[in-house]
Amino acid sequence: MKSHTPSATSGMPPFSLKGGRPDASDTSGQAPVTSTIAPRAGESETIEPPSEESLDARIERLGRARPPTFTTRWSEVSFVFSIAMSQFLTEFFVSGFTVILPTLIRELDIPQASSVWPATAFSLVIAGTLLIFGRLGDIWGGYPVFLWGLSWLLIWSIIAGFSINPLMLDLCRALQGLGAAAFLPTGVMLMGSIYRPGQRKNLVFAIYGTSAVFGFFGGILVAGIVGQFLRWGFYFWIGAILTAITLLSSIYSIPNQRSEKQSPSNIKMDYPGAITIVIGLTLTVFAITQSAHAPLGWKTPYIPVCFTVGILSLFAAAYIETYIAPDPLLPASIFATPAMTPLLFGLFLLYGTWGIFSVYGTLYFQNIMLATPLQVVAWYTPLGVAGLLFSILEGYILHLVPGRVLLVISGLGAVGSQLLLALIPLQERNYWKWIFPATILSTIGIDISTILMTVFVTTTFPISQQGLAGGVINSVLQLGVAVSLGLTDIIQTATVEDMGLGMSYKTTFWFGLGAGALGLVVMATWGRVPKATSDLTADEKKELMREATGEYHARDLDGGCVVTGA
């Protein structure tokens, strides 16, 4: 028998082909498969497979089954909760900070020219270092890097609540971002390496996507209550409590995928690539964002200098990754998948519109529509409900609906939400006519595309590159927010004096409309994403290709090669 099995630590069941190729007597044209999986104690939902079943039937069954690394249903629930909470915490510290920022400006005497940095530093650090932590996850394993990220976030969330000046606050926010940059890609890595392509993976990633919506709403809820009744530091301390709960849950529920018998990873850190990418992204976004508040704008000497150095660093990074690095941080193979580059660009644009909605939408509600912090919380309530319903629904239909259809729907949602905000009359206070539908459309605009692309990318990459997959996806999302907010900050600052505060906010929504429309065109044109059906993993497809070319490896459950032949 020729058999090929992913490492036991991947959480995937052994996969065996009887005879290696389709049997001539099999009218289905598929290879009969002999299952090597037996039910384990406590697994009442595990169905005893027939002695022989077609390859398609086995793949479909494994795509619905609970991964064998989870011995009980509750162990799986705890794992999904821990990973989902990492996404929740990231959005919590983004959305709530916008609501609490006016209070911080008064309490810490933050200058107007510096008010953008406490909000931007968090996302900018995440975007700049995600690929590095994704690589560290591939080298060391997702478990330790994920726990380190939560621990780091916990420490700096506590300290942030005691900030006494703008500099201390900016530093704490930046260091918080390092924690999120560690657990975001490794969280995706852990899920992508444990779950096979199929319905169960679709549902788990849908829950993961929904947690971002609840984190956004939870951040606004806590910040609204704190802003109304408590000292602003409680916003950070409540976030620290939630982080501690997540850390404890993660310690006990996440499988440590690096077993003692597993050979160390031969992947190395790409230091030149890492340094040039971080410098390039940081300086470029810094120049774009700070140019709106520099004394002479782009004529201020340090702005063009930072921008030029940043762009040159990005070009240097591209050269290093393409021609020099033996283990590039961003390998060209990522973009070999058909339509991967335009789809990531489309996701960048759509998530950028979400940044505009969440920041400038909230400011418009408070400063122009005169909503109190608790009113803003109430106005965003449908966001959580709709996000839950749409995400779960998507988890059940990803294997039925073509990806292009879902991406177009997502693009239409982003365009519609920005258009409604741009068209609100300045004196209008009607929530149900304008804000409610814009809120529903905004969650359609980001949830559907983000969940679909995350499933697509993690399914495309082999287990050894799942940390990279998580880093790529989350880098695109965070950069979309950081760049869009930097550009809209320039637009809003340049127009506020001549057009007034309300109309200057509207210019950001018109910009978001253009970005969303471009994202919609990209998704409609290049959105060749297949249905997320049950399938072989990337590693299994590679093994089948080896068999097809006359080379195969039979591996035992510890990943050791026991048979090699042709």
Side-chain angles (χ1 to χ4, degrees), residues 78-101 104 118-130 132-134 136-137 140-164 167-191 208 211-212 214-223 225-226 230-256 467 470-471 474 478:
S78 299
F79 168 80
V80 174
F81 168 81
S82 299
I83 304 298
M85 276 299 295
S86 67
Q87 183 77 290
F88 177 99
L89 290 168
T90 305
E91 291 298 326
F92 176 94
F93 284 114
V94 170
S95 64
F97 193 81
T98 304
V99 177
I100 208 74
L101 183 57
L104 288 167
T120 306
F122 184 73
S123 295
L124 181 57
V125 170
I126 294 175
T129 57
L130 270 167
I132 296 174
F133 283 107
L136 290 176
W140 296 338
Y143 180 80
V145 179
F146 186 86
L147 295 186
W148 180 90
L150 287 173
S151 303
W152 189 261
L153 179 67
L154 172 61
I155 293 170
W156 289 104
S157 297
I158 295 173
I159 297 174
F162 294 102
S163 297
I164 57 176
L167 181 60
M168 180 177 177
L169 180 64
D170 289 347
L171 178 63
C172 290
R173 288 286 288 172
L175 292 172
Q176 277 187 305
L178 283 179
F183 60 62
L184 282 175
T186 48
V188 174
M189 171 191 183
L190 289 164
M191 291 192 301
Y208 179 73
S211 66
F214 278 102
F216 176 86
F217 176 74
I220 290 179
L221 173 63
V222 171
I225 294 174
V226 169
L230 300 170
R231 181 185 180 276
W232 59 265
F234 280 93
Y235 165 72
F236 291 100
W237 298 330
I238 292 172
I241 293 173
L242 295 174
T243 305
I245 293 172
T246 306
L247 177 61
L248 292 175
S249 173
S250 300
I251 291 173
Y252 291 105
S253 68
I254 297 179
N256 187 352
N474 281 289
Q478 296 299 326

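Numbers here simply count residues along the sequence, with the first being 1.
A distance of 10.5 Å separates CG of L130 from CG of L178, quoted to the nearest 0.5 Å. With rounding to the nearest 0.5 Å, the separation of CG in L104 from CG in L169 is 6.0 Å. Atom CD1 in I238 sits 6.5 Å away from atom CZ in F92 (nearest 0.5 Å). If you take CZ on F162 and CE on M168, they are separated by 8.5 Å, rounding to the nearest 0.5 Å. Here the CD1 atom belonging to I225 is positioned 8.5 Å from the CG atom belonging to L230, to the nearest 0.5 angstrom. Once rounded to the nearest 0.5 Å, the distance linking CD1 of I254 with OG of S86 reads 8.0 Å.
Looking at heavy atoms from C-beta onward, V188 lies out of side-chain contact with L184 at the 4.5 angstrom threshold. No side-chain heavy atom of F81 sits less than 4.5 Å from a side-chain heavy atom of F88. Counting only heavy atoms from C-beta outward, the side chains of F183 and S82 never approach each other to under 4.5 Å.
Below 30°, between 30° and 60°, or above 60°: for W237 and F234 the angle between ring planes is above 60°, a perpendicular geometry. The aromatic rings of F93 and F122 lie tilted to each other, with the angle between the two planes from 30° to 60°.
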Dump the intermediate steps for side chain to side chain contact (heavy atoms under 4.5 Å, CB included) on F217 and E91, then the final yes or no.
CA-CA 8 Å; F217 176 74; E91 291 298 326; over 6 Å; no
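Taking both residues in full, the closest heavy atoms of A182 and P185 are given as O-CD, 3.8 Å, listed atom of the first, atom of the second, then distance. Nearest heavy-atom pair across T186 and G142 is CB-O, 3.8 Å. A212 and Q87 get closest at one heavy-atom pair: CB-CG, 3.5 Å. I100 and A223 make their closest contact through CD1-O, 3.9 Å (heavy atoms, listed as atom of the first residue, atom of the second, distance). Counting all heavy atoms, side chain and backbone alike, V125 lies closest to G177 at CG1-C, 3.8 Å. Closest approach of A180 to T90, counting heavy atoms only: CB-OG1, 4.1 Å.
In summary, of the residues considered (W148, W140, F146), a ring-ring contact (aromatic ring centres under 6.0 Å, His included) with F133 occurs for W148 alone.
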Ignoring hydrogens and angles, write down the donor-acceptor pairs under 3.5 Å from the side chains of residues 152-160, residues two or more places apart or on other chains.
unit_1: W152; atom_1: NE1; unit_2: L175; atom_2: O; d: 2.8
unit_1: S157; atom_1: OG; unit_2: L153; atom_2: O; d: 2.7
unit_1: S157; atom_1: OG; unit_2: Q176; atom_2: NE2; d: 2.9

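Of the possible polar contacts, none joining the Y235 side chain to the V222 backbone as a donor-acceptor pair under 3.5 Å is found. In this structure, the side chain of S249 does not engage the main chain of I245 through any donor-acceptor pair within 3.5 Å.
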